[in-house]
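Everything on this sheet refers to the single structure shown next.
In what follows, every heavy atom counts, from backbone to side chain, and hydrogens, waters and symmetry copies are set aside. Residue numbering restarts at 1 for every chain, and letters A, B, ... go by the order of the sequence lines.
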Amino acid sequence: MSETPTNFIRQIVEADLAAGKNDGRVHTRFPPEPNGYIHIGHAKAICINYGIAEDTGGKYNLRFDDTNPAGEDVEYVDAIQQDIRWLGFDWEDRLYYASDYFERLCQSAEELILSGNAFVCDLTPEQMKEYRGTIIEPGRQSPWRDRSVEKNLDLFRRMKAGAFDDGSRTLRAKIDMASPNLNMRDPVIYRIKREHHHRTGDTWCIYPMYDFTHCLSDAFEGITHSLCSLEFEDHRPLYNWFLDNLDVPCHPQQIEFARLNLSYTIMSKRRLRRLVEEGHVNGWSDPRMPTLRGLRRRGFTPESIREFMNRIGVAKAASVVDYSLLVYCLREDLNRRASRVMAVLRPLKLIIDNYPEDQVEWLDADNNPEDESAGKRKLAFGRELWIEQGDYLEDAPRKWFRLTPGREVRLKHAYYVTCTRAVKDADGNVVEVHCDYDPSTRGGWSDDGRKVKGTLHWASVAHAIDAEVRLYDYLFREASPGERTGDFIDDLNPDSLEALRGCKLEPGLAEAQPGDRVQFLRLGYFCADEDSRPDAPVFNRTATLRDTWAKVAKDK
RNA sequence: UGGGCUGUAGUAUAAUGGUAGUACAGCGGGUUCUGGUUCCGUAUGUGGGGGUUCGACUCCUCCCAGCCCAACCA
């Protein structure tokens, strides 16, 4: 992986370090809410927060921001940890939950009441909305804003004790109802909500709000730099207000960056949920999903994702990154690491007429031309082979390198063969191709300097195993899903998944374990799926190889 | 309409008053037992107008465009 380039946040952190701020400490955190699976957008936040700490000798925490039990679940708590570990980060023993701070947060709330900076408000949600004002008009003060400290304290304690109905009262900060920043218009600190919490059970009937919880949690943990996405910029004054008005161990600095957008991809939890619930994909780990689980199952490596994050940089301008860069990072990684194997996805029988009927030869094949240490393997070769349907064409264009009557090509690792004729069925479909081979080209090489432009992959009919191969393409056919009609569902790519059965694989692939990644020669990078079994292998196409021929053919 | 933020090749970013650079994508070519990899070459950019300065992507000013904010969500 390349070294992480600098960016404006790193420069701030480095300047703080140079100035001796925070006693020379760097301590960051990633604060997911456990109400869904994390996706590649979260991966950016993780890489930024954790990467900076790693590179400056600092520490990083994982903290679940579990202040709203509705929708939260231990299932997500576990899944998120798995996914972050898979990405390659280790928060050691620094796993925290905002819910662990509930008691402490309550004390901070009382501190705010005591200093006259918070009050219990009896406004209903509808009234509160009315009082809040709008973007262009100031809000009005709550009629309950001037209750005495004693009354507020009493009311708040009774809120906590369960004396009031859900939603009937809130604890609010006393700031400024006329502020142009809506977040500062006496924001709610605590709400009454009788909801079972995945960690605290039914202990609490009041839960703290994000703005109050987050800054304090950061302070409790000694966070130095609290890095979050742009939409929290407007919250920063409030973040600072709480820390300035409370007795806290430290005052972390919040810095915001632009979140990741990827072309041909949606990133919002709400929209991803809809894909799952409406059955457009097969769950959160569908290989077409941008979730970390989806990308993992698709065959992406954590290294390629981290490299991608290094390359896209960090800035404050809202941006959309080309999906092709992600694929580039994947290919760069797998080109180096993946073993080459041969698989025929759409088989067409090739018969070598001048090859001895029952002869089998075992030929040498190198596993990875990019990596000598990957070694070699033996491949069975015979008279009848499977080749790719797309590698034969009767009326070939001028630059066609593959099989067509009269043309000589190389069978990878094997022999030169010259196409003699094709057999068609009643409908005119090619069902069988015949050829002659040149025995002197064993191994796929000729001493006479003869040139063949095309090299085909193949599988021995007598030895190949059958497999299912799932070809994945963009989930959306538009770079910005939903831009045309307003509904991203309209831009779903109907061909995002094509499942091929009866694909012919070289026999060694029967032993592939789920998660194993290989390159199917000339076709792309593939990954054994979790559905794969030794007697019924299943492979997912992670990405195709770059294909300049496909581009030429398409341009014509 | 109020506030906050952001505008550098197609895309993402660097240059922090001193030669506008890098990567992906594109295009052209060499090498190659993968039309892969690799190598070489190439086009394209500071949102606009004023100003300060010997010199402006950078500082000032006006304009334009885009994003975010009116949950008892995070």
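- Within 4.0 Å of Q519(A), counting heavy atoms only, lies at least one base atom of the nucleic acid.
- Listed candidates were C72(B), A74(B), C69(B). Nearest to the side chain of I135(A) is C69(B).
- When heavy atoms are screened at a 4.0 angstrom cut-off, V320(A) is found touching the sugar-phosphate backbone but no base atom.
- Side-chain N/O atoms of Q11(A) include one lying less than 4.0 angstrom from OP1 or OP2 on A15(B).
- Here R169(A) does not reach the OP1 or OP2 of C72(B): none of its side-chain N or O atoms lies under 4.0 Å away.
- When rounded to the nearest whole Å, the span between NZ of K316(A) and P of A12(B) equals 17 Å.
- Atom-to-atom, CG of D322(A) to C1' of G26(B) comes out at 11 Å; the value is rounded to the nearest Å.
- Following rounding to the nearest Å, L230(A) (CG) and G66(B) (C1') show an atom-to-atom distance of 12 Å.
- Using a cutoff of 4.0 Å between basic side-chain nitrogens and carboxylate oxygens, R259(A) and E231(A) are scored as salt-bridged.
- Under 4.0 angstrom from either OP1 or OP2 of U34(B) there lies no side-chain N or O belonging to R410(A).
- Remark: K551(A) is in phosphate contact with C27(B), judged by side-chain N or O atoms under 4.0 Å from OP1 or OP2.
- Under 4.0 Å is where a charged nitrogen must lie from a carboxylate oxygen, and between R450(A) and E408(A) at least one such pair does.
- Side-chain N/O atoms of R236(A) and base N/O atoms of G4(B) include no donor-acceptor pair closer than 3.5 Å.
- The backbone N or O of T544(A) lies less than 3.5 Å from a partner atom in the side chain of R331(A), making a donor-acceptor pair.
- In a base pair of the Watson-Crick type (N1 to N3 plus N6-O4 or O6-N4) or a G-U wobble (N1-O2 and O6-N3), with each distance short of 3.5 Å, U34(B) is matched with no nucleotide.
- When the P atom of G36(B) is taken as reference, atom CG of L456(A) falls 15 Å away, rounded to whole Å.
- Remark: T67(A) is in phosphate contact with A74(B), judged by side-chain N or O atoms under 4.0 Å from OP1 or OP2.
- Under the 4.0 Å criterion applied to side-chain N and carboxylate O atoms, R311(A) and E307(A) are assigned as salt-bridge partners.
- S108(A) places no side-chain N or O within donor-acceptor distance of the main-chain N or O of C106(A), the cut-off being under 3.5 Å.
- Per the geometry, CZ belonging to R331(A) stands 9 Å off C1' belonging to G36(B), to the nearest Å.
- Summarising the geometry, atom CG belonging to D211(A) is positioned 10.0 Å from atom CE belonging to M184(A); distances are rounded to the nearest 0.5 Å.
- The nearest whole Å value for the distance from the CD atom in E307(A) to the P atom in A12(B) is 19 Å.
- With both pairing distances under 3.5 Å, A71(B) is matched to nothing as a Watson-Crick or G-U wobble pair.
- Under the salt bridge (charged side-chain N to carboxylate O under 4.0 Å, His left out) test applied with D364(A), the options K378(A), K412(A), R377(A), K376(A) reduce to a single match, K378(A).
- With a cut-off of 3.5 Å on both Watson-Crick or G-U wobble distances, the partner of C5(B) is given as G66(B).
- A donor-acceptor contact under 3.5 Å links the side chain of D234(A) to the base of G3(B).
- Contact annotation: T548(A) reaches the phosphate of G36(B) (side-chain N/O to OP1 or OP2, under 4.0 Å).
- When the side-chain nitrogen and oxygen atoms of S324(A) are compared with OP1 and OP2 of U11(B), none of them lie within a distance under 4.0 Å.
- One can place OH of Y328(A) at 9 Å from P of A23(B), the figure rounded to the nearest angstrom.
- Remark: ring of W549(A) stacked against base of G35(B); centroid gap under 5.5 Å, plane tilt under 30°.
- Phosphate contact (OP1/OP2 of U34(B), side-chain N/O of R546(A), threshold under 4.0 Å): absent.
- For the pair L521(A) CG and U32(B) C1', the computed distance is 13 Å after rounding to whole Å.
- When distances run from any side-chain atom of R311(A) to the nucleotides A23(B), C68(B), A12(B), the shortest one goes to A23(B).
- For R191(A) and A74(B), the shortest distance from a side-chain N or O to OP1 or OP2 is below 4.0 Å.
- Side-chain atoms of E256(A) stay outside donor-acceptor range of the base of G4(B), with no qualifying N/O pair under 3.5 Å.
- Taking 90° from 0 as the syn/anti boundary, the base of A71(B) is oriented syn.
- Heavy atoms of T124(A) sit under 4.0 angstrom from at least one base atom.
- Under the Watson-Crick or G-U wobble criterion, with both distances below 3.5 Å, C54(B) is paired with G18(B).
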